[in-house]
Every structure is written in structure tokens, then in C-alpha cells.
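No hydrogens, no waters, no symmetry mates; every other heavy atom, side chains included, goes into these values.
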Amino acid sequence: MAEDHSDMKAVAARALGLLDLTSLNDDDDEAAVDALCERARGPHGPVAAVCVWPRFVAQAAKRLHGSGIKVAAVANFPAGGDDLALALSDTREIIAAGGDEVDLVMPYRRWLKGDRDFAKEMIASCKRACGDKARLKVILETGSLGDSAKIYDASCDAIAAGADMIKTSTGKTAVSATLEAAEAMLCAIKDTGRDVGFKAAGGIRDTAAAGDYLALADRIMGADWADPWRFRFGASGVLNDLLAVLGDGSRPAATESY
């Protein structure tokens with residue numbers, strides 16, 4: 001048992017530094033964002049990033065200045081619609097406010113209808129808007145795409161269009177991250193040979209589940225691949241369990257919003 005506990009502590013320590021601490025609730029306000037930023041600077045070291053609505057980027061960037069914690073925000077979220085102008089407006093708003101990362105929802109319904117070129121056009125356009133100022137993380141909404149073959153193809157399309165990272169889910173649909181979807185996405189990254197990251201988002205609530213995703217990435221991509229640049233967890237609810245495993249369960253629970 002002691003060995004298992006030690007292993008879980010190692011997983012928790014690793015996962016903590018890969019976490020995108022997220023709040024995307026409809027009633028988020030300045031106080032909630034301040035609390036999120038404070039929580040991101042934990043007793044066992046900082047998380048990788050916070051992820052907020054675009055209107056809170058400037059506030060988060062100010063609160064986290066000098067911390068090394070990235071500020072991410074969502075675009076075309078959560079619907080993943082086909083309004084290219086809106087997706088670009090969201091992206092530009094995030095960058096202008098000082099955001100480091102843009103989490104863009106791919107127009108997955110249109111992709112499923114066969115218009116893969118439009119999906120790639122949106123990704124490529126938002127990537128051009130990011131330039132060298134921000135990384136583009138593309139949300140595939142894998143629970144809606146369905147089978148592994150479609151998830152693999154959508155991953156390849158997003159990578160070809162310029163995604164810096166591909167992400168499973170918004171967390172707003174019935175099915176969010178799964179190991180099966182993660183495997184298809186990681187295989188696509190490996191097969192394309194591009195230096196593209198992976199983010200599992202939604203429904204990851206404990207250290208054991210985080211460890212399963214890390215083990216999968218280690219198996220497919222190699223033991224040194226999953227660093228904060230290439231691998232993220234999009235979650236907030238899991239932080240309580242990570243801190244409990246690491247020896248600090250005293251902080252109040254956060255509401256996971258995706």
C-alpha cells in the first residue's frame with residue numbers, strides 16, 4: 001500500500017503542473033476569477049494555466065503576471081458554430097487582452113456534415129490571428145464526433161490547419177474526454193510527426209484518472225513527451241484530489257465547468 005501511495009503522489013505532482021485550472025460558468029465574475037488565480041498558485045507549485053472567458057483575460061493576466069502561469073480563454077465556445085467572424089473576433093479579443101493561449105472550438109457539426117474544408121479554414125484563420133503572440137488549442141468535441149476513426153481524421157485536419165494543441169472537449173456535452181478519444185488523438189499527433197500538444201478536458205476528477213491519461217501518453221509518445229508545453233488537463237474538480245494526495249486537502253472545492 002505504501003508503494004501505491006507513493007506512486008499516486010508522483011502522479012499527482014506530475015499532473016498538477018499540467019493542469020489548466022478552468023472556470024467557464026455562466027455566472028463567473030471578477031471575484032471568481034481572482035479566486036481562480038489565487039488557487040492556481042498552490043502549496044505544491046503552480047498549475048500550467050488558467051482558462052477563463054475572454055472578458056476576464058486582462059484581469060487574469062494582471063493577477064498572474066510574473067508567475068509563469070499561462071492565461072487561456074475560449075473562442076467559438078461552447079457551441080462550435082460556423083460563424084467565422086465571431087471566432088476571429090473572440091481570438092483577437094483574447095490576444096489584445098494579453099492572453100497566451102486560445103482554446104477554439106472547431107465547427108464540428110459542419111465537419112460532421114462533410115465540410116471539412118470550412119473547419120480547416122476557421123482553424124487556419126484563427127491561427128493566423130494568433131501569429132506568434134498566442135498558441136492555438138483546437139477543441140474537437142470528441143464526444144459528438146463519435147468513433148475513433150472520425151476523431152483521428154478530425155485531429156489530422158486540425159493539425160494540418162495549424163493547431164498547436166488538440167483538445168478533446170468543451171465539457172458542455174454528455175460525453176467529454178475518454179481514453180479512447182485520447183488514444184486516437186495521440187496517434188494522429190504521432191503519425192503526422194508535428195510538434196503538437198494534447199489536452200484532455202472534461203470529466204477528469206481524480207488522480208487515478210489523470211494517471212491513466214499520462215500512462216497512455218507515455219506509451220504512445222514516449223516517457224519524456226508529456227510536459228506542460230505538450231500536455232494539459234482541462235479541469236478544476238481534479239485539483240482537490242491532487243492536493244489531497246499531495247497532503248493538502250484543506251482548500252475549498254472548486255466547481256468544475258468543463
Side-chain angles (χ1 to χ4, degrees), residues 18 20 22 24 51 74-84 87 103-124 126-127 136-206 208-222 225-226 230-235 237-238 256-258:
L18 304 173
D20 280 11
T22 300
L24 294 168
C51 187
V74 290
N76 202 34
F77 186 94
D82 57 8
D83 188 336
L84 178 56
D103 286 35
L104 169 76
V105 186
M106 182 183 80
Y108 61 92
R109 294 183 187 88
R110 189 140 168 189
W111 188 94
L112 281 168
K113 291 178 181 177
D115 196 349
R116 294 169 61 169
D117 286 343
F118 178 81
K120 288 191 284 187
E121 178 188 355
M122 179 180 286
I123 294 166
C126 291
K127 173 62 177 175
L136 183 66
K137 297 146 77 182
V138 177
I139 305 170
L140 304 181
E141 202 66 286
T142 53
S144 296
L145 293 180
D147 63 63
S148 293
K150 288 188 178 72
I151 294 168
Y152 179 92
D153 287 346
S155 298
C156 290
D157 281 355
I159 293 167
D164 295 301
M165 181 174 278
I166 51 175
K167 172 179 168 182
T168 58
S169 323
T170 61
K172 303 290 189 180
T173 56
V175 178
S176 293
T178 66
L179 288 169
E180 292 76 16
E183 182 166 9
M185 294 168 70
L186 288 164
C187 286
I189 292 170
K190 184 174 183 180
D191 291 349
T192 62
R194 302 277 188 91
D195 189 13
V196 172
F198 165 79
K199 179 174 172 179
I204 302 162
R205 301 190 184 280
D206 57 39
D212 289 340
Y213 283 92
L214 287 169
L216 181 68
D218 289 347
R219 175 172 64 82
I220 295 172
M221 304 301 295
W225 185 81
R230 297 188 182 92
F231 189 104
R232 300 283 181 82
F233 291 109
V238 73
E256 182 174 7
S257 62
Y258 83 38

Intermediate values then yes/no, side chain to side chain contact (heavy atoms under 4.5 Å, CB included), I189 and R230: CA-CA 11 Å; I189 292 170; R230 297 188 182 92; over 6 Å; no
N/O donor-acceptor pair under 3.5 Å between S169 side chain and A177 backbone: yes
Backbone N/O of I159 and side chain of R194: donor-acceptor pair under 3.5 Å: yes
Spacing of SG belonging to C51 relative to NZ belonging to K199, to within rounding of 0.5 Å: 4.5 Å
Taking every non-hydrogen atom, the tightest pair across K172 and L24: NZ-O, 3.1 Å
Under 3.5 Å: donor-acceptor pair, side chain of K190, backbone of I220: yes
Pair D82-R109, salt bridge (charged side-chain N to carboxylate O under 4.0 Å, His left out): steps then yes or no: CA-CA 9 Å; D82 57 8; R109 294 183 187 88; over 6 Å; no
Heavy-atom pair of closest approach, residues A163 and I123: N-CG2, 4.2 Å
Any donor-acceptor N/O pair, N76 side chain to L104 backbone, under 3.5 Å: no
Full working for side chain to side chain contact (heavy atoms under 4.5 Å, CB included) between W111 and L140: CA-CA 10 Å; W111 188 94; L140 304 181; over 6 Å; no
Distance in Å, I139 CD1 paired with F77 CZ, rounded so as to fall on 0.5 Å steps: 5.5 Å
A226 versus L214, closest heavy-atom pair with distance: CB-CD2, 4.3 Å
M106 backbone acceptor or donor facing E141 side chain under 3.5 Å: no
Worked verdict on D115 versus K113 for side chain to side chain contact (heavy atoms under 4.5 Å, CB included): CA-CA 6 Å; D115 196 349; K113 291 178 181 177; 5.7 Å; no
From I204 atom CD1 to T178 atom OG1, the distance as rounded to the nearest 0.5 Å: 10.0 Å
I166 CD1 to S155 OG distance, which is reported to the nearest 0.5 Å: 3.5 Å
Over all atoms of both residues, closest heavy-atom pair of Y152 and A184: CD1-O, 3.6 Å
F231 and W225 aromatic ring geometry - parallel, tilted or perpendicular at 30°/60° bounds: perpendicular
Closest non-hydrogen atom pair between M165 and F198, with its separation: CG-N, 3.6 Å
C187 side, atom SG; M221 side, atom CE - distance, nearest 0.5 Å: 9.0 Å
Between CG on residue L179 and CG on residue L186, distance to nearest 0.5 Å: 10.0 Å
D153/K150 ion pair, N-O < 4.0 Å: no
Residues K127, D164: salt bridge by 4.0 Å N-O rule: yes
Side-chain heavy-atom pair P78, V105 within 4.5 angstrom cut-off: no
Heavy-atom closest contact (P107 atom, G81 atom, distance): CB-O, 3.3 Å
Derivation and outcome, side chain to side chain contact (heavy atoms under 4.5 Å, CB included), residues S176 and T168: CA-CA 7 Å; S176 293; T168 58; 5.9 Å; no
